[in-house]
Amino acid sequence: METVFTLPPLNPILPEILLLCIGLVLIGIDLFFPRNRELLTRITLLAGVGLIAALLYQEPASSFGTMFVVDSYALFFKVVCLTGLVLATLMSDRYLDMEGIHQGEYYSLMVFSVVGMMFMASAGDLIVVYLGLELMALSIYCLVGLQKHEHRSNEAALKYFLMGSFSSAILLFGISIVYGMTGTTDIRGIGQAITDMSLINNPALMTGFVMILAGFCFKVAAAPFHFWAPDIYEGAPTSVTAFMSVAPKAASFAVLGRILFVAFPEIHHHWDIVVAVIALLTMAVGNIMALSQTSIKRMLAYSSIGHAGYALLGVLPGTAEGLSATMNYLLIYALMNMGAFAILILMCDKNNRRESLEAYKGLAGTNPMAAALMLIFFFSLAGIPPTAGFVGKFYLLKAALAAGYTCTVVGAVLLSAVSAWFYLKVVRYMYMSEPGESFTISYTPSLLVVVWIAVIGVVGLGIMPGTLLDWAASSLIGS
Amino acid sequence: MIPLSWYMTLSVLLFSIGVYGFLVRRNIIILFLCIELMLNAVNLNLVAMGHYLDSLDGHVLTLFVITVAAAEAAIGLGLVIVLFRNRRSVHVDTINELKG
Amino acid sequence: MSFPILSLLIFFPIFGGLSLLTMKGENVQNIKVVALIVSILELLFCLPLWFGFDKTTHQMQFVERHNWIELFNIQYYLGLDGISVLFVLLSALIAVLCILVSWNSIEIKVKEFFVSLLLLEGAMIGVFCALDFFLFYIFWEAMLIPMFLIIGVWGGPNRIYAAVKFFLYTLVGSLLMLVGIITLYIKGGQTFDILALAEQSYSPKLQLILFWAFFAAFAVKVPMWPVHTWLPDAHTEAPAAGSVVLAGILIKMGAYGFLRFSIPLFPEAATSMMMVMLALSLIGIVYGGIICLAQDDLKRLIAYSSVSHMGFVTLGIFALNTQSVEGGILQMINHGVVTGALFLGIGMVYERTHTRKIADYGGLATNMPVFAAFFLVFTLASVGLPGTNGFIGEFLILVGAFLTRPWVALVAASGLIIGAWYMLWLYQRIFFNPVNSKWASIRQLDLREIITLTPMIILIFWIGLYPEALLSYMHVSVAHLLEQVSGSPEGVEHGLEIITSHGGEQMIDKMINIKTTH
Amino acid sequence: MFAKFIFIYCALLILGSGVAAVQLRNPVHSVLSVLVLFFHMAILYLLLNAEFLAAIQIIVYGGGVLVLYLFVIFLVSLRTEIKINRFVTNQLPAAVLAFLLCVILLAVLPAFQLGTKGNYTADHLSELTHTRAMGLEMFSNHLLSFEIAGVILLVAVIGGLVLARREKKSDQPEEPLTPSSHCEVEK
Amino acid sequence: MPTYLLIIPFLPLLSFIFTFLFGRRLGTSSHWVPIVSVVISFICSVYALTQVVGGVRVNMDLYTWISSGTLSVSVGFLLDELTSVMLIVVTSVSSLVHIYSVGYMKGEDGYYRFFSYLSLFTFSMLMLVLGNNFLQLFFGWEAVGLSSYLLIGFYYEKVSAADAGKKAFIVNRFGDFGFILGLFLIYGVFGTLHYDPIFAGVDRMVGSSFILFGKSYDLATIISMLLFCGAIGKSAQLPLHVWLPDAMEGPTPVSALIHAATMVTAGVFLVARCNPIFELSTTALSVITIVGSVTCLFAALIALTQTDIKRVVAYSTVSQLAYMFIACGVGAYSAGIFHLFTHAYFKALLFLGCGSIILGMHHEQDVKYMGGLKKYMPITYWTFLLASLSISGVPGFAGFFSKDEILAMAFASNVPGAKFAWLIGTMVAGITAFYSFRLFFLIFHGEFRGTEEQKHHLRESPAVVTVPLIILGVGAVFSGWVGIPAVLGGKAQWAHFLEPVLGHPHNHPSHFTEILLMIVSVGAGAAGIYLAWLMYMVRPELVTQVRERFGGVYRWSLNKFYVDELYDLTIVRPMLGISRGFILNLFDKLIIEGVVNGVPRLIGQLSHRMRKIQGGLVSSYLTYITGGLVVLIIWMFTGA
């Protein structure tokens, strides 16, 4: 019996392949033109920007059976991830110099992780999900541990690795149960099987589902699976932290959304309350613990946990509106968080990382522009109008309220006041304290570009959010 | 014919042993082994289910899990080596510089 | 499409402020002059509102309406009616005065200060103009940022605590309101159009919930008892201009919110909660007044007096009849003028003495007679002396409250006694009594300061003697509001009970709506 | 019956070696007991007609991964764990939790019901042979996954390289890092 | 609107504004504008009186002051008999005081300020009496309070003066509290605040009652009582009399104008103006009568022992005002206004006389340091004597006619308490004569008890002071002649004149009774004068004897019956205590701020606690994660 293998259409997967090639090219360049980091940066940027542009024009399609789905939902998340890549790359240049990270593999690993994320976003099958996840995770383990002489970096990488592996094992166990009960790993197929076989109230399926949920909650750093995040964010090189807080989170939300909405919509009435509790817990942990932090990097790590909680609010109602709110929020979050991290990197110089809150005292006096920009980012993170952060939060709250989750929303709102408290703390340090040391920030063009993109995004989307909202709303699964 | 539940029970037990080991051991390399135990439990599950389901998806996933496990081992052990170079220790409870 | 005057009013100061940012920070004098010019121009731009306003209709005027975020049906929708138009004017005026009073007292980060002030002005005017809930909320919250900075950067020794307290207090309230707004949007036909929402009817339970959600934001802002404690701190620590804006405009927004949103949107809840609101207002009046007697700090005292006075305002608003509501609105203006003026004055004297402790003063009338005269007028207006604006407001409020519930007026009127007590005592301790030799060579008011205070004096007497000038703007709108809430342009049914024991006919004048039993 | 006997034998050994791996003091012993476990796992795979996987299990796990572990154990050559307490402090709560997890997972098993059957029946499979069937699946339906797995291995290689590579500069991390110094390092 | 009517109040207003703004530059000549303007006002008032006598009655609105819904209040003037009398009183006394002040206030700091305040007061008082509605009355009511506040506190650097001003204002506020509630009720019942419609429609109140807290109150009574509340405050009746004696901290011309002749009589004016309402409630009338009588006696008793000459006069004012209230209480409003009229002159004269003495004594006010001033200050002496005779009710003097009218009416009235009032009134007539002459003798007769230096400087005041004294002296004697009762051969023109506004008294005593009553009261007065002469001229040792004999009473009287202390103890201190101890410290700082700061603090502590969970150990993290997973599974398991 002869079997003929036919190559499935590669058009839908072309961006991923291209990015993969870029990754390989980067390795090659690193090998043959060692230490020519500028070239690496430029190629990565070019690839990122080019792919974003390309993705905006990509047609919905699917390939490899149903394994790889290109719908506007996937494209949206891919754009978010690539945005993360581009901004992080822009930030990296100077930071890597400062920290003495000389591995040219930095960029290729980042690119590979984005490839993994893009696969995750497009995955129509749990196997692809798992592999994309691992591709992303393994690359990031390496990235986190890239500062090999830095204890904190080692520690962070190892912790991330250990906990990440543990959570993948749990995820896999969940997948195995679901696979056993539905006979398929295809996401849409699972949903179909649940209906067909009336598994809606089956405890075994629930268990499998919970384990999958836990796996992704781990990835998005939702409580109580968030424990890795603060340590790893703090220990990782700042540019990697910035990248991590945005891109992998977005990709994980993409998968989470797809799984919850395509595979498990039938049991929404079971998971909504769980997600609600997780979301509230996440916000509480993130926002409350951020209060007592003395390192701004760690504070932002907790804030990122808190924001994951908000993003979960959109997943919670199980409505298209909610999901688009989450998508919208993730893009906005990417912009404002990247902006804040860019300032963090701007603050560093070779002798002093200035990661403690104290370093920000009197910043408004010594570096008014940096302080003003940080102010905008932080107010946006706190969700104060007229910034994009508010629009994002507004959409989320609206979606959750529309589905009737009033108590959750009230809780979320109160916790967001707590978050304002610690964001204000930084603003307070910048504007209302006497400067401790006088230093001048030297702006590099690439960081300025990041900062301005972020500012324009944050303020622009705050005032004119229409386009983004429409895009997010129309990018729903299946449409 | 061996019932599927036997395999699953074994898998659950093995998984729990892995989890237990992961939670209690100090040596990072042992923790890696525990991950392998957990993954093997999953694999057993998958293979058995694939068998009973007359489906190869489980088997294929198992193959990929083994692949990923190998890749993880490479990276994980690389990290251990870096850590060891810096600290001369592979005890998981000594890496607690980042906290709070 | 007529000229977008409201947009101009909102964005002119904002762009003015932003363009200040581009100026060199060292050139302090130029910055001040530019800021002043911007604010004066803004005031001039307001004149068309004053003259062009049609007093015969309750319809929104100067309306601008454009789609903004179509997905949520959010519109850029601005307009004014008789309730809001006066506040826009007041905001523009107060901004000018704030810039004048800050002329010399702000010594650090001068540029940033005036930028904040102008941004604040734009946002404040936006709040009063917005007819779309989303837009309203944006302006409402956006105000917090410059105000936070004004208190926190240029304030007194304990400024950071005060600024954070102010911010978080109001934020918590506003966030609850946000939940309310969204719920309203969902239940009210997917629109943020305030007027359209007001035409819907909601179930009593929903009304009640939403009423309290909005209450959270507005009561904090007013501030009503017992959520008033941010005010003394914020007032005390803020620089003079900050206090003036706070007293003059910011805390009016809470009361404005009640008028614009709580009452017309949730009429049943407003009427059923009337007694609770009246009770809280009464507590505020008496509590705020009594607590003033124990204050040693000049600004704190005025701050607590604001609690008391704003108690009158909310009392008027929730007594829900023509006199009380008109009185309430007028009293908001009055309080803005009077307390604003008091804070202007305190700012001027603080600039010279750098102390806010009342005990450090004494006999200032000898060395600053002009200032003493100005301050006396402000004090008397605050006390509610007839002839000054304070009286008109309080009188109307009390009349209205009396008609609604006589005992309420009985309790509230005691606020007049306490008010006289603490204000005159304050005046005595500052301006009378033996001269404190420390201030023997204190500087007289200069021309700039006199110019700053004069408009307030004019307003005090103008409103006091011819309140019709302002009342005429609100008659129709208030009647419309009351019609929305109670079905009658007169407001809720009077609670004044008169029994005539003889004759079968109704003996009492029909004009007043009195229960007659036989 | 025979199959059941083999299963029980394997199961007992798997559990036993699992417990041993977790409990033994010496990491080398742990690795060896895991090796035993892997072998018996492979037997179970055979029992489930998954010859290819059984082979992979032994080749990749037994031959590759575990050897790597052993190398690293010898590389870091730390035998301290033999002398000191091999457990972290939260042993008891961890044990309770693991036990609970086990109990709960076992408790839900009765609710487990098998999903829709696929088309690789035992007969079909034995006709095709498992290896061939796997190949067919892998290169048709799961081609994408296969490619991703390839990338993962690539990343593993790069990552392993990057991490394990000993940098020349590592001895003088204090050296100021100016662009010019980069060039020197290269030479 | 007749021009003269506009001139009457607004000229002083313009004078106030002008003097206040530019007086500082005018310096010592800043008195001209106020004087001229008030004199013109006076002339216009006289013209107004002639118009009224000629039968003119003006009730016109100037403009709508407040309009809101059905509430519409104008600024408008009502010129009728009552108003015209008040206009005369106010402008005439004010003119004289203005002139007098030129001498009295010479060289004082804030000379211009003083005159501007006087003008302000004149304006306010005129607005009060001219208003055609209650709210304008209230405007004037408060504005005179303000002027009073400013003038009492004129020497603001003196703590006692500043305190006194504040006290006057606040105590008045207590009265106003009732007053304004009365206005609300009136508005609630009548739907307007204008006099004419209200007084035309008072009948509708008959038999109506007002429900508060489930209890029913007679409408007329409660309105009357609330209005009377205001009157009590302004006219310093018990229990709100405490501010008036302290108000003597102000310059003496102020005491004469505001605290004797005009402002304090506003309460009487109010009651008289509202007589149609009061007439409906016998209860209210009775209360007024009794409050009047008690105050009358009370104040007179205090006046007996005071040594500060102005305080004596001040208490006498309280006492005399009480007479007026007795008159109103017994329904003899015109008698009350009559006494108001005569009292304005003789009391202003007394005060201005005191002022002249004080001027001579270089601001010494204690009678203990005076004596024998007769020879140094003859004009003052004689005018003071006239005033004292008048207040003592010596026949022929103004006080005699008005006081006897009141006593006669009280005796004849059926209002409960009227007889009591008559008794007290007659008694107080004696006491009044006694303390007036006590003062007179102590000041002008006997040996000078002050320092040599004071003695050296003693001389008669300048003409600008004495001329007003003389003019007032004329008033103190002859002002009563406009109302000579029929029984003495007069035509009782006064009562007839005011009849359209104030109506008839309830009952007239027979001529015989009236004569009898006159004899009794004149006898009481004569006895008082005699006793004073006896004790302070003939046998001074009697004073100490009496003092020892009635030690307790003496102490109570000297200390003003401890009313101030009582208020201090029951109102002021508790209030301040509650304010600081209870409301500020306990409620605001501890409870509310406790919650406000406590919640964030709690969250902060929670944050610190939670940091411990994040202890850095992977094993513990994973334990938590596993724990979370287990919980989730159990939850879903039980849920499904």
Side-chain angles (χ1 to χ4, degrees), chain B residues 1-2 4-10 12-21 23-27 29-30 32-34 36-37 40 43-44 47-48 50-57 59-60 62-64 66-75 77-82 84 89-90 92-93, chain D residues 3-4 7 11 14-15 18-19 21-22 27 30-31 34 41 44-45 48-50 53 56-57 60-61 64-65 68-69 72-73 75-76 78 81 86-88 91 94-95 97-98 101-102 105-106 109 112 114-115 117-121 133-134 137-138 142 145 149 152-153 156 159-160 163-164:
Chain B
M1 194 67 178
I2 305 159
L4 176 58
S5 58
W6 288 27
Y7 286 101
M8 289 181 69
T9 311
L10 178 60
V12 167
L13 290 172
L14 188 59
F15 191 80
S16 305
I17 291 170
V19 169
Y20 168 71
L23 297 185
V24 298
R25 288 302 295 250
R26 300 178 77 213
N27 192 319
I29 296 170
I30 305 276
F32 288 180
L33 285 179
C34 292
E36 304 299 355
L37 293 193
N40 265 283
N43 286 350
L44 182 60
V47 175
H51 178 75
Y52 286 95
L53 281 169
D54 294 342
S55 144
L56 272 185
D57 289 348
H59 295 212
V60 172
T62 308
L63 182 67
F64 290 135
I66 293 172
T67 316
V68 170
E72 272 188 353
I75 287 177
L77 291 171
L79 288 171
V80 169
I81 288 170
V82 174
F84 182 74
S89 158
V90 288
V92 74
D93 55 357
Chain D
K4 279 188 182 169
F7 177 85
I14 285 172
L15 292 178
V19 171
V22 170
S30 294
V31 173
V34 169
M41 197 64 89
L44 286 184
Y45 290 172
L48 291 163
N49 295 343
L53 284 179
I56 295 288
Q57 171 84 1
V60 176
Y61 260 140
V65 177
L68 196 59
Y69 280 136
V72 175
I73 288 175
L75 187 65
V76 303
L78 267 185
E81 190 164 349
R86 58 193 184 280
F87 299 118
V88 291
Q91 206 180 348
L97 270 177
L101 187 68
C102 180
L105 288 179
L106 288 177
L109 277 187
F112 184 86
L114 208 55
K117 297 241 178 188
N119 41 13
Y120 285 95
T121 55
M134 285 290 278
E137 271 295 292
M138 197 92 82
H142 292 281
S145 314
I152 289 177
L153 288 175
L163 293 171

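Per chain, numbering begins at 1; letters A, B, ... match sequence-line order.
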**Message:** Minimum heavy-atom separation for Leu23(B) and Ala94(D), please, with both atom names.
**Reply:** CB-CB, 3.4 Å

**Prompt:** Rounded to the nearest 0.5 Å, what separation is found between the CG atom of Leu77(B) and the CG atom of Leu163(D)?
**Reply:** 10.5 Å

**Complete:** All heavy atoms of Leu53(B) vs all of Gly115(D), minimum pair found to be CD2-O, 3.4 Å

**Side-chain heavy-atom pair Thr62(B), Tyr45(D) within 4.5 angstrom cut-off** = yes

**Prompt:** Measuring from Leu97(D):CG to Ser16(B):OG, what's the distance to the nearest 0.5 Å?
**Reply:** 11.0 Å

**Message:** Using 30° and 60° as the class boundaries, would you call the ring planes of Phe7(D) and Trp6(B) parallel, tilted or perpendicular?
**Reply:** tilted

**Prompt:** Of the non-hydrogen atoms in Leu56(B) and Ala133(D), which two are nearest, and what is the gap between them?
**Reply:** CD1-CB, 3.3 Å

**Request:** Specify which of Val60(D), Asn119(D), Ile56(D), Leu114(D) makes the most heavy-atom pairs with chain B at under 4.5 Å.
**Result:** Leu114(D)

**Which atoms of Leu109(D) approach chain B - backbone, side chain, both or neither, heavy atom under 4.5 Å** = side chain

**Asked** Heavy-atom distance under 4.5 Å to chain D: side chain of Phe32(B), backbone, both or neither?
**Response** both

**Prompt:** Of the non-hydrogen atoms in Val12(B) and Cys102(D), which two are nearest, and what is the gap between them?
**Reply:** CG1-O, 3.8 Å

**Prompt:** So do Pro27(D) and Asn27(B) actually touch side chain to side chain, heavy atoms under 4.5 Å?
**Reply:** yes

**Proximity breakdown for Met41(D) and chain B, heavy-atom pairs closer than 4.5 Å** = side chain

**Complete:** Cut-off 4.5 Å, heavy atoms of chain B, and the answer for Tyr69(D) is both

**Request:** Enter the distance from Asp57(B):CG to His142(D):NE2 here, rounded to the nearest 0.5 Å.
**Result:** 4.0 Å

**Asked** Picking from Leu44(B), Val68(B), Ile81(B), which has the most non-hydrogen pairs under 4.5 angstrom with chain D?
**Response** Leu44(B)

**Request:** Can you measure from CG (Leu63(B)) to CG (Leu53(D)) and round to the nearest 0.5 angstrom?
**Result:** 6.0 Å

**Prompt:** Val92(B), Asp93(B), Ile66(B): which one forms the most heavy-atom pairs within less than 4.5 Å of chain D?
**Reply:** Ile66(B)

**Counterpart residues, side chain to side chain contact (heavy atoms under 4.5 Å, CB included), relative to Ala69(B) (two or more places apart)** = Glu36(B), Leu39(B), Tyr61(D)

**Message:** For His51(B) versus Leu48(D), what's the shortest heavy-atom pair and its separation?
**Reply:** ND1-O, 3.0 Å

**Item:** Most contacts with chain B, counted as non-hydrogen pairs under 4.5 angstrom, among Val65(D), Leu105(D), Thr121(D)
**Value:** Thr121(D)

**Prompt:** chain B heavy atoms under 4.5 Å from Val34(D): which part of the residue, side chain, backbone, both or neither?
**Reply:** side chain

**Message:** For Leu15(D), give me all partners under side chain to side chain contact (heavy atoms under 4.5 Å, CB included), at least two apart in sequence or on another chain.
**Reply:** Leu10(B), Leu13(B), Ile17(B)

**Request:** Tell me, for Leu37(B) versus chain D, whether the close heavy atoms (under 4.5 Å) come from the side chain, the backbone, both or neither.
**Result:** side chain

**Request:** Enter the distance from Phe15(B):CZ to Leu101(D):CG here, rounded to the nearest 0.5 Å.
**Result:** 6.5 Å

**Request:** Grab the two heavy atoms, one from Ala71(B) and one from Leu153(D), that are nearest each other, plus how far apart they are.
**Result:** CB-CD2, 4.1 Å

**Item:** Interatomic distance, Ile75(B) atom CD1 to Ile152(D) atom CD1 [nearest 0.5 angstrom]
**Value:** 9.5 Å

**Item:** Most contacts with chain B, counted as non-hydrogen pairs under 4.5 angstrom, among Ala3(D), Ala21(D), Gly64(D)
**Value:** Ala3(D)

